[in-house]
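For reference, the structure is listed below as structure tokens.
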Amino acid sequence: MKSGSNLEKVLSSGHFAVTAELGPPKSCDPEVVEKKAEILKGFADAVNITDNQTAIVRTSSIATGVIVARKGLEPVVQMTCRDRNRIAIQSDLLGAAALGIKNLLCLTGDHQSCGNHPQARGVFDLDAIQLIDMVRRMRDEKKFQCGEEMSVEPRFFIGAAANPFADPFEFQVIRLAKKVTAGAEFIQTQLIYNVEKFARWMKMVREMGLHEKTYILAGVGPIKSAGAARYMKNKVAGMDVPGEIVERLQAASDPKAEGIKLCLDIIEQVRAIEGVAGIHIMAIEWESAVPEIAERAGLLPRPQID
Amino acid sequence: MIIADRKPFEEIKELTSKAKNILIAGCDSCVAVCLASGEKEVAVLASELRMQRKMDGLEGEIEEIVNVRQCENEYVDAMRDKVEKADLILSMACGVGVQTLAERFPDKLAYPALNTKFMGRPVEPGVWKENCEGCGHCILHLTGGICPVARCSKSMLNGPCGGSQGGKCEVDPEIDCGWQLIYDRLSRLGQLDALVEIMLSKDWSTSWSGGPRRVIKESAGV
Amino acid sequence: MNFSGYGTVRNFSEMKGTELKESSEKTGAVLVVGGGIAGMQASLDLADSGFKVYLAEKSPFIGGKMTQLDKTFPTNDCATCILTPRMVDVAENKNIELLVYSEVEEIKGYGGNFDVKIRQKATYVDWSKCTGCEECVSKCPAKIDDEFNQGLGRTKAISLPFPQAVPKKVTIKREFCHFFLKGKCRVCEKVCQLGAIDFDDQDQIIERKVGAIILAPGYEVYDAHHSPEFGFGRYPNVVTSLQFERLLSAAGPTGGHVQRPSDSQKPKRIAFLQCVGSRDQDHGYCSSVCCMYATKEAILAKEHDPDVDVDIYIMDMRAFGKGYDDYYNRAVEEYGIRYIRCRPSAIKEIPQSKNLLIKYQEGREGLRTEEYDLAILSVGLGPGSSSLSLSQKLDLQLNEYGFYQSDPFQPLLSDKPGVYVCGVFTEPKDIPESVIQASGCAALAAGLLAEARGSLVLEKTYPPEKDVSAEEPRIGVFVCHCGSNIAGVVDVNQVAEYARSLPGVAYVETDLFTCAQDTVLEMREKIKEHNLNRIVVSACTPLTHAPLFQETMQEAGLNPYLFEMANIRNQCSWVHAREPEKATEKAKELVRMSVARAAHLEPLTKFPMPLNHDALVVGGGISGMTASLALADQGFEVYLVEREGRLGGIANRLHYVFENQDPGELVTSLARKVEEHPRIHLYLHTELKKFSGFVGNFRSILSRRTDDGAGEEIEVEHGAIIVATGGQEYLGPDYGYSRDVRILTQLELEEKIASNGSVLQGIKDVVMIQCVGSRTKVRPYCSRICCGEAVKNALRLKEINPEARIFVLYKDIRTYGFMEKYYTEAREKGVIFVRYDDEHLPEVIVAGGRFGPKSGSNEHQRETEKQAAPHTQDMAFSVGQPEPTGHSTAATMQGRGETSASEQYWDSLTVRFYEPILDEMLELHPDLLVLSTGVVPSEGYEELSRLLKAPITQDGFFLEAHVKLRPVDVAFEGIFLCGLSHYPKYIHESIAQAQAAAGRAATILSKKFLEVGGAIAEVDSEKCVACLTCVRVCPYYVPIINVEGVAQIDPAACQGCGICTAECPVRAISLRHYLDEQIIPKVESLLAGVV
Amino acid sequence: MNQITEDFEPQIVAFCCRYCAYAAADLAGSSRIQYPPNVKIVLLPCSGKVDELYLLKAFEAEADGVYVAGCLEGTCHFLTGNLRAKKRVQYVKSLLDEVGIGGERLEMYNLSSAEGQRFAEIAREMTERIRALGPSPLNQRKSKEGAIK
């Protein structure tokens, strides 16, 4: 055990893991977080707390993670390289560990131009791989990035993201390998709507044996409407939403119900792919859908491991 | 070379509104080659200002001068006669030129008429793109001759982010994904292996982050 | 080149000393008969390469039929815009004697020495006095139909044919003149203040000695009265295409408003009837241009009024030239012009509305009737009015249609040595083909008379030029009354008075006609008397009159660039006639502007630049060999480079043409001549590797593969280069090609027929598919020769086995010109032609699958598609083809849809296609399927294009400088094109174009020096920052960054447009004669109000 | 204001290429097509010779309107000159807008040498346009003339 987190336990004991996502509010109201945590509690092994997702300012992911943990739900704190240099990141990680955070997802981060402060200077002192490497050395070698030693090390279960739909396709697998080498113990993927392409990607992952070195959680999520699907298809970089999906939602009499049905179909398909160790359900601002999805996908109850 | 672009006239009008005699100083170096300065752009701006000032009832003369490089003391010093007659030097050089003027003529106002943008090159007539941000430690030998520091929006060193799609950057589909270009070029050269290596944290102290920099060539010292 | 005339070299006599001259027994002059575009081109090429030219034209102006055109296809270039400068060049050329209103009376002698008599008709106007002011025209009481406007407008018995006419002189038409008819009037004589009218004028006989004669007498359009079924002359709203051209023209009788004659209303529905006077029983030939001009006129009608509906009744759309199919496609897709595949037999008029009814057959539905407001008869091209008498005088035999049909392998030669033929005289053809033939004739005549080159050309000498550089401006202002043309509106004296007050003006006078002979003579004296160093003529337009005054200045020892004109007639008195006071004010302003510019003018001199007189020819096919011989025969050294180890190119695979000659023999005889010619240096196994320099002084590196495989590099210097890199057969995988030995290309069939025709005797059923690899999405161009190939081979097969059934599946049969008769013959002999279109493509079924044409929406396809391997094994097909069980091999026309189970015939060859008249799918099992595959450029064309800076079209063919008037020149000067590298074409067309390329190259190579300088761009190397802007913007690729690291503009190549000067960010480039210091003061002086 | 507009005779400079626009102006003359006398032509070899500075200098010298006339697009005697001119005219229009003179006082036209009628139309169109806009804000000719008188 690297961290002793619930998520790490679930995965290492061979269970099919379920993680969800919880977006902090654009305010400092803790009740919003608490409400969402209550909804998700018992339906996921851990929940990701996003770090100023899409470069929009929100409550800090570490603080939100602590609130969530108080509610009895295990957080996966996300950490991006956009807003902090290596000094700030290390400092924040020490703080997070001191507050009991055990899971860390390391990301480069969406570009500041995507968010609500496009004039901000992007830091990008490190990239995601360099971040993973740094966190692993902090934990395993008890060293700061500069090489200095520390007495008590932060013990994180280190995660990273992967996007099977970005280009160049083949290179994304190489990049995954680099992340694994750097120290990524679990991987959460971009939202999957093109299962065929994901399966091809997984094939390459398996060929490189990466699925044996890291836990791969397939990113899934319900879509509320054909309009939302079309938006993701056309406007969101790094997303691959096939036309049939848009058409399927378009044709549905109750698009929301169809969106959940679609998500369940995809879960069923990705579960069958060798090397997929769990799913990561992204239902941002639709957290209430997570229990239904977990239930109908037959993923309940969640295992309790001591 | 250094690529620059003229400031909007509205802004130049503001900058010059209090001055009487104005000397517009162009530079025949990088900024002329990227068509932001040189005798012609100086004359165009001078003509615009003369007309605007006449309409606004402002007095004074607009003079024009262009020198070889506005970032060299000797060339700038040769402007002295004309500078003396002016209240304001409106520089159509890059930021380096403006600062040279300010330094050589400590009692004169030297204002910029251009926005200095980046180091780059023309990719087609009328279009210039950024290639180098002067980070101080070149790694082009590792990345197929394409700079990830300047040409990746996040200066990532280990490959593209998840926003790379169809060879384009998530920031703007007009921007090529620098990493796609690196990948394509190394794959053409059969050197994709190089990308498997993890590139560790970059030493940014050689860049602007290390404070204003200088280069010393001992042998060139007089 | 500019209009001033200083661009022409006057130093030919210096060439007498060069090695080009051997003896002077032949006469170094040429008679060109016909002043249309072909005659003008031949005259200019010869005059520019050291020969005296007499240009005889029967009408009172030059320019021919093209002067009447509004626009030209496929670029919609304005005909006047491109033609007028050319006419002015002819008129100004010192070595061309213009004999207009003249006809050949008698020709005696032989090649090298002819004596010709020319009758110059009486004009009843002394042209040495006439200034073209047209005062007489406005007063003449005899109104007549305007011939130039095809009778749609009115003119006078004394008139200028049209405003831009060259020469700009009036002529009295005796048959309409009141004085000649009734014995009194003479109004013109009274109003002419120059005394130019001469009622006693007589025809003159002019005698000249010439070494060669070029016949370019042109054509007449078919007289539509001879087809009474269409009602021309009876129904007012039936007009000819040439009349419609005048209605479209902004300078035409209606000012460019399309109106129907009966009521001057805008037509809403227009019909074109094609082939009126072509492709009928009396005219067994195709006029070659009508499909395209009708398309052009239809497009223009649509541009005039987008709401108009245009239908074109057509049999085949013959868009066989470069860019033509694209133009046709745009007509259909962008303009919505409807092409109806039918030939109506008559037009009927509705008497009340004067609308017109046309009946036509549509598919199986039978007759339909359409109603139109206006019907246009696309009249064909018939023999010229003087063709017959001319041919009789020379004892030349015209063909059944009245054209002089030449030998396809010697297309520009007549039967009479020393007499060359070009233009529509030999066959109906379009402008570029006429221009090509004319340049080719020039080359051949120059070859015949090579030894006499330079013996008769004029060198005009002027007194030494006065150095005015140190002088203050002393400007002489000459204000012209132009009779009453200016003075009737503008107060000329007030203008003159005002001019005296302007700074720098030393002398002012007013003239009745400044351009009158005696005034011009006096101007010389005034220049000397008043020590003038700048001249401003305030009169008409510099476009026509500057050369006259500039020459006068030179005669007075003043540099001709110290001249400026104020256009107070065309741009003032004529256009402000109702506002005399304002016009006078404006005239003063125009004079003020001209004086301001004149004060800043500087003298410019031209200087001689030495050049290399050798030529490099790339490509040793028929075109390359022909071009080489045409140059070598003129005395130039030629380096001929061929990539392969053998001369002949694609022609090595051709075996016969329609007229039965053998291209193989042609190749053999050309190759022998090339190899034996002392001036041709042949390099086989050699390619062009490097190329640099400018017109007159190129340097190339050739790379030759040697036997040891090492290769060697050869450096050659040359003054011009001819690209003759040819083309190759398209060999795509369409229609199952390369999958079955029974599927051949036309060339493969031709080889078969020629080598072993007897094996084909048993062939019963043959299908030919046209447009394979042509007119597709990937290759949208027409390969021009495939229809002829198919008809030619079909006729051969019919000869071998008259019982053979031959089906030709085609989109349009494009047997233009005299080839039409072979198409007719093929149909008479039972060859079946079935039309298909893009919606109904034929399908071929062989073992291995079903095949259509390669459909190509994918842009990358062209790059990636591989040429299918041609058959390497000897073709095993013969009578004993595998017989499908239970069926005869004979084509079974099964009909009706999908019923046949083609799988049954797995070993048979099946062709399925749609038959439009029956409206049914048919299926054939031919013994032979012949694919009429197109022509594609030779490999390496892209690299060559980059090397030469010679642009290519998107289809890969080299792009000429102007599609109509410069068809063998490349925009980058000194490079010329011919043969298939330019576009697919027949052998006779390649030969003519190769000779034309030689003729054009000779205009450079024959000069002892290139005269360069004048109004060209110049770089101030001190200011240049080598930013490359000029290099990138020059449309002629002239500027380079030289070894000193600054821009350099070759004075011989600069065209003087000034684009680079306006782009240069450091203002390092200036265009002489249009300096900023000359232009800006001109503008400022206008606005300064008072100088 | 109306009073001024009626009295106002704009000074308009037309930069014309030799091969088409200038020839069209000549043809308008030969055809005696009438147009207002406010337009004064400056002859250039090609519309591509027209420099941004020529246009600005004309306005600086108090022209009320300026236009450039070249060959029809695609048929420039010098291949691309008229397209270059078009871009420069567009650019100077934006400069004139910035300065406050107004880009609508400058225009680019294309016509063939056979279009004398079109030349006259353009001259009319431009004169009417400038007349409606009134004198250039820089135009002080009236007062100068007054002073001279």
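Chain letters run A, B, ... following the sequence lines, proteins first and then strands; every chain starts at 1.
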Residue by residue, scan residues 10-32 of chain B and write down, ordered by number, those that have a heavy-atom distance under 4.5 Å to chain C; if none do, write 'none'. B:D28, B:A32
Applying a heavy-atom distance below 4.5 Å, give me the residues of residues 65-85 of chain B that approach chain C, sorted by number. none
Around atom [atom1] of [X], are there more than 12 heavy atoms of other residues, nucleotides or ligands at under 6.0 Å?
X      : atom1 : answer
C:E943 : CD    : no
B:R213 : CZ    : yes
B:F118 : CZ    : yes
C:R330 : CZ    : yes

Quick check: under 4.5 Å, non-hydrogen atoms only, which of residues 1022-1031 of chain C neighbour chain B? C:K1023, C:V1025, C:C1027, C:T1029
Considering only heavy atoms, give the residues of residues 1062-1074 of chain C separated from chain B by less than 4.5 Å, sorted numerically, with 'none' for an empty result. C:A1062, C:E1063, C:C1064, C:P1065, C:V1066, C:R1067
